[in-house]
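Values below: every heavy atom of this structure, side chains too, minus hydrogens, waters and symmetry copies. No experiment lies behind these values; they were computed from the predicted model shown. Proteins get letters first, then strands, A, B, ... in listed order; numbering begins at 1 in each.
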There are 2 protein chains.
Amino acid sequence: MPSGSADRILEAATRLFGERGYPSTSMRDIGDAVGLLAGSLYSHISSKEAVLLQIVETGLDRYLGMLLPIVESDAPADVRLRRAVTAHVELVTNRVGESLVALHQWKFLSGEHRERIEAKRHVASDAFRRLLDDGIESGTFNAVPDRDIVIAGILGTLNSVAEWYSPKGRATPQEIGEQLADLLLGGLLTPARRRARTTKRTDVAPAGR
Amino acid sequence: MPSGSADRILEAATRLFGERGYPSTSMRDIGDAVGLLAGSLYSHISSKEAVLLQIVETGLDRYLGMLLPIVESDAPADVRLRRAVTAHVELVTNRVGESLVALHQWKFLSGEHRERIEAKRHVASDAFRRLLDDGIESGTFNAVPDRDIVIAGILGTLNSVAEWYSPKGRATPQEIGEQLADLLLGGLLTPARRRARTTKRTDVAPAGR
DNA sequence: CCTACCGATCGGTAGG
DNA sequence: CCTACCGATCGGTAGG
């Protein structure tokens with residue numbers, strides 16, 4: 001139950017950075033949100049960028065702490081992927097502000113801070129890559145020409161949830177997670193239509209590179 | 001072949017707004033890129049926000065001009081969806097800067113400008129909704145509990161391409177488009193595994209809301 | 001935690 | 001298209 005001044009500043013900054021972006025949020029905006037003057041914030045924090053770094057790194061660590069045990073469990077690859085998808089959606093919907101900052105505002109970190117965050121982002125996509133490899137090797141997933149495209153596609157879907165999710169929307173986080181898992185794992189096509197398309201695949205191949 | 005001063009300013013602003021974001025790009029940055037002083041830009045443009053609006057609206061109009069004829073053609077729904085996916089990827093990879101600005105920086109437009117852009121964004125998601133409805137009605141697509149989740153999932157994947165695509169990457173825009181279409185239309189699961197999962201669907205249903 | 005302030009930078013303009 | 005400048009706002013600090 002965080003309620004110290006530093007925590008309240010961090011909470012307000014998380015919300016504001018997520019809503020308006022880091023460069024568009026001034027220290028005066030954050031001060032207004034917590035009832036302090038801009039200058040007074042510096043009794044509790046060292047710099048604006050240090051606040052950003054802490055939000056981003058906390059969010060990324062939380063995400064990896066959720067993702068890695070799921071990916072490294074010994075369940076079948078498709079079960080692990082489904083769990084990763086639903087857990088991802090639940091984390092992101094539970095912490096929209098933190099997720100938005102961790103996903104987009106890290107670009108405004110400088111130098112070594114930014115490099116450390118980029119390294120942790122790689123840990124996450126590497127985990128998905130292993131998961132995909134496992135599934136292909138075991139015959140659970142279809143072989144794909146380029147795994148990185150599939151990974152980027154999956155993460156594109158999952159990360160975008162932070163941008164449109166509203167707790168007032170029709171669907172619960174669980175329902176969103178299940179439906180996106182169905183989309184990414186099962187696809188849209190009905191089984192009958194899928195067979196028809198598969199046999200005609202070369203008809204729609206690109207003309208050439 | 002645009003090469004007037006106003007066009008060169010627009011090109012530079014498109015690249016800079018896409019790379020750093022609108023609030024982090026100063027008129028001096030744009031001036032540097034085209035070899036003018038910040039104040040001199042105002043002989044060719046009326047304001048920084050007017051430049052943003054023109055980039056966003058041009059990009060969105062270009063996108064709708066591509067999407068709507070595809071969605072409204074009389075091909076089967078899955079063919080139309082595949083065409084929309086590949087065309088989306090080709091447009092976004094062909095104009096990364098414009099796409100990034102149109103997709104993310106419109107939030108910094110104010111008042112009526114922003115409202116007009118939001119309306120046009122709705123036109124695009126409405127087109128996808130019709131397409132999905134057509135496919136479900138004709139039995140081409142599986143019925144889904146909430147169409148908007150599927151649409152958001154598809155657009156999340158497609159729009160994220162602008163953030164990671166590089167012309168120096170392994171895959172061509174055509175290959176990316178085909179693979180993402182396979183992912184979104186066909187899914188990852190092999191046919192055998194798909195049947196196994198489908199019969200056990202209720203096992204993994206959420207505990208409740 | 002406030003008062004009072006710093007130098008830097010912002011979008012934009014007048015006048016030529 | 002430049003010179004010269006405007007008021008506003010920025011992140012941050014000294015001193016209490």
Side-chain angles (χ1 to χ4, degrees), chain A residues 2-57 97 101 104-114 117, chain B residues 2-57 97 101 104-114 117:
Chain A
S3 59
S5 291
D7 289 320
R8 292 182 53 238
I9 291 169
L10 225 61
E11 267 176 40
T14 300
R15 182 173 57 76
L16 291 167
F17 290 170
E19 283 171 8
R20 317 179 185 176
Y22 176 76
S24 300
T25 303
S26 72
M27 297 311 287
R28 278 134 183 109
D29 292 333
I30 298 174
D32 288 347
V34 298
L36 295 180
L37 292 178
S40 305
L41 297 171
Y42 289 85
S43 303
H44 306 98
I45 60 149
S46 61
S47 72
K48 189 187 180 190
E49 184 171 333
V51 174
L52 174 60
L53 176 61
Q54 183 163 347
I55 299 168
V56 170
E57 194 147 35
V101 177
H104 299 297
Q105 306 302 315
W106 63 270
K107 287 168 200 156
F108 299 105
L109 292 169
S110 51
E112 55 195 45
H113 293 158
R114 185 175 158 144
I117 295 304
Chain B
S3 59
S5 291
D7 290 319
R8 292 180 54 239
I9 291 168
L10 224 63
E11 269 176 38
T14 300
R15 182 174 56 78
L16 290 168
F17 290 170
E19 283 172 7
R20 318 179 185 176
Y22 176 76
S24 301
T25 303
S26 72
M27 297 311 286
R28 280 135 182 107
D29 293 333
I30 299 174
D32 287 347
V34 298
L36 294 180
L37 292 178
S40 305
L41 297 171
Y42 289 85
S43 302
H44 306 97
I45 60 149
S46 61
S47 72
K48 189 188 180 189
E49 183 171 334
V51 173
L52 175 61
L53 176 62
Q54 184 164 347
I55 298 169
V56 170
E57 192 147 38
V101 177
H104 299 296
Q105 305 303 314
W106 63 270
K107 288 167 202 158
F108 299 103
L109 293 168
S110 52
E112 54 194 46
H113 292 158
R114 185 177 159 143
I117 295 303

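- At least one donor-acceptor pair under 3.5 Å links the side chain of A:Arg114 to the backbone N or O of A:Lys107.
- Within the structure, a side-chain polar atom (N or O) of B:Ser5 is placed less than 4.0 Å from OP1 or OP2 of D:dC1.
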Could you walk me through whether B:Phe17 and B:Ile30 satisfy the side chain to side chain contact (heavy atoms under 4.5 Å, CB included) test, starting with their C-alpha distance in whole Å, then the side-chain angles of each, then the deciding distance to 0.1 Å, before giving a yes or no? CA-CA 9 Å; B:Phe17 290 170; B:Ile30 299 174; 4.0 Å; yes
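- Going from atom CD1 of A:Ile45 over to atom P of C:dC1 covers 13 Å, rounded to whole Å.
- A stem is defined here as three or more consecutive Watson-Crick or G-U pairs, each with both distances under 3.5 Å; for DNA chain C these stems are C:1-16 with D:1-16.
- Of all non-hydrogen atoms in A:Tyr42 and A:Ser47, the two that sit nearest each other are CE2-CA, 4.0 Å.
- With hydrogens and angles disregarded, no donor-acceptor distance shorter than 3.5 Å links the side chain of A:Lys48 to the backbone of A:Ser26.
- Between B:Tyr42 and C:dG12, a side-chain N or O to OP1/OP2 separation shorter than 4.0 Å is present.
- B:Ser46 and B:Ala50 make their closest contact through OG-CB, 3.3 Å (heavy atoms, listed as atom of the first residue, atom of the second, distance).
- Nucleotide D:dA14 holds its P atom 17 Å from the CG atom of A:Leu41, rounded to whole Å.
- Atom NE2 of A:His44 and atom C1' of D:dG11 are 18 Å apart (whole Å).
- Nucleotide D:dC10 holds its C1' atom 8 Å from the NZ atom of A:Lys48, rounded to whole Å.
- Pairing each heavy atom of A:Ala33 with each of A:Leu16, the nearest pair is CB-CD1, 4.2 Å.
- The main-chain N or O of B:Tyr22 is found under 3.5 Å from a side-chain atom of B:Gln105 such that the two form a donor-acceptor pair.
- Taking A:Leu10 as the reference, A:Val51, A:Gln54, A:Ile55 meet the side-chain contact (heavy atoms from CB on, under 4.5 Å) condition, with sequence neighbours excluded.
- Per the geometry, CG belonging to B:Leu52 stands 12 Å off P belonging to C:dG11, to the nearest Å.
- Applying a 4.0 Å cut-off to non-hydrogen atoms, the residues of residues 17-40 of chain A that approach DNA chain C are A:Leu36, A:Leu37, A:Ser40, listed by residue number.
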